[in-house]
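One structure is given below, encoded as structure tokens.
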Number of protein chains: 2
Amino acid sequence: MDDVFKALADESRRSLLDRLHARNGQTLNDLCDGLDMSRQAVTKHLAILETANLIATLKHGREKLHYLNPVPIHEIGERWIKKFDRAKLVALGELKRQLEKRDE
Amino acid sequence: MDDVFKALADESRRSLLDRLHARNGQTLNDLCDGLDMSRQAVTKHLAILETANLIATLKHGREKLHYLNPVPIHEIGERWIKKFDRAKLVALGELKRQLEKRDE
DNA sequence: TTGACATGCAACCATTTGGTTGCCTATTAT
DNA sequence: ATAATAGGCAACCAAATGGTTGCATGTCAA
């Protein structure tokens, strides 16, 4: 799971996932289009996403097709984010009131 | 939002959030307890979490109390993870079938 | 008021990260 | 057959990251 969080920490990688979400099965060159970085940089990002199991690839001739795997993202939602959903932000005023009590 | 993703990318920081989730309003020293790193390292992690608005702090005498703010985590769930929830992992067999079609 | 305690600040360090360039290999099209 | 196309590999680099240590400051208690 750490792999997934680390992979998601980079904006370029999140935008690659967005692109695949918009259109699945793109080649490396497709994914490079319009991006302000070298093909090799993109390759590295894709490798990190693949290691985190966020994308799966399939060779087809000289092309490599990239497919989004939404499962790990879903699991982060289920196993991590949901835990915090019940917690509510205690207003600062409320906090202060509690603190006053502590002193009595 | 990038701040939040980056803050969550580190296991130590996620576990600090977990600790606050278990018991809110802990001091720096509380949070250091049992952790295998210096107080200053923890301070830095907490600063990053605070910048990402994941925790709020309140000075109380010589102590600094740390409170979890679950809102940004919730927002990542709503604004980012939900988007991918509808996407389904296309089985590899399915993918291959699609590829065969491409060639015709 | 003086010592202990809770925290802050700054300099420093090794490793990781995100990027580059140059060249190599494999597949396709002419 | 040959050139163009798609991608892979490796070396290198600067900056960010996660950690350390040493010292300073502010607050509480004896």
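Throughout, protein chains are lettered first and strands after them, A, B, ... in sequence-line order, and every chain is numbered starting at 1. No hydrogens, no waters, no symmetry mates; every other heavy atom, side chains included, goes into these values. On a predicted model such as this, the values are computed, not experimentally measured, just so you know.
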Grab the [atom1]-[atom2] distance between [X] and [N] for me, whole Å please.
{"X": "B:Asp30", "N": "C:dC5", "atom1": "CG", "atom2": "C1'", "value": "13 Å"}
{"X": "B:Lys64", "N": "C:dC9", "atom1": "NZ", "atom2": "P", "value": "8 Å"}
{"X": "B:Arg13", "N": "D:dT17", "atom1": "CZ", "atom2": "P", "value": "8 Å"}
{"X": "B:Glu63", "N": "C:dT7", "atom1": "CD", "atom2": "P", "value": "6 Å"}
{"X": "B:Lys59", "N": "D:dG26", "atom1": "NZ", "atom2": "P", "value": "9 Å"}
{"X": "A:Glu11", "N": "D:dA16", "atom1": "CD", "atom2": "P", "value": "17 Å"}
{"X": "A:Ile48", "N": "C:dT17", "atom1": "CD1", "atom2": "C1'", "value": "8 Å"}
{"X": "A:Asp3", "N": "C:dT16", "atom1": "CG", "atom2": "C1'", "value": "14 Å"}

Practice prompt. For residues 46-55 of chain A, pull every pair meeting side chain to side chain donor-acceptor pair (under 3.5 Å), keeping only residues two or more places apart or in separate chains.
Written response: A:Glu50-A:Thr57

Worksheet item: Does A:Lys6 have a side-chain nitrogen or oxygen under 4.0 Å from the phosphate oxygens OP1 or OP2 of C:dT17?
Response: no

Worksheet item: Would you say a side-chain N or O of B:Asn29 is under 4.0 Å from OP1 or OP2 of C:dC5?
Response: no

Who pairs with [X] by side-chain hydrogen bond (donor to acceptor under 3.5 Å, both in side chains), at least two apart in sequence or on another chain?
{"X": "A:Glu75", "value": "none"}
{"X": "A:Asp30", "value": "A:Thr27"}
{"X": "B:Asp18", "value": "A:Lys83"}

Discussion item. For a quick check, with a 4.0 angstrom heavy-atom cut-off, what is the B/S/- contact string for nucleotides 19-28 of chain C, read 5' to 3'?
Written reply: BBBB----BS

Quick one: side chains of residues 39-46 of chain B, donor-acceptor pairs under 3.5 Å with protein atoms, not counting sequence neighbours, listed by atom name and distance.
| residue | atom | partner | partner atom | Å |
| --- | --- | --- | --- | --- |
| B:Thr43 | OG1 | B:Arg39 | O | 3.0 |
| B:His45 | ND1 | B:Arg13 | NH1 | 3.1 |

Worksheet item: Considering heavy-atom distances to DNA chain D, does B:Ala9 or A:Leu28 have its closest nucleotide positioned more toward the 5' end?
Response: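 The answer here is A:Leu28.
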
Item to complete: Ignoring hydrogens and angles, tell me if any N or O in the side chain of B:His60 forms a donor-acceptor pair with the backbone of B:Leu58 under 3.5 Å.
Response: no

Worksheet item: Just how far is it from atom CG of B:Asp3 to atom CG of B:Leu49, taken to the nearest 0.5 Å?
Response: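 B:Asp3 CG to B:Leu49 CG: 11.0 Å, rounded to 0.5 Å.
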
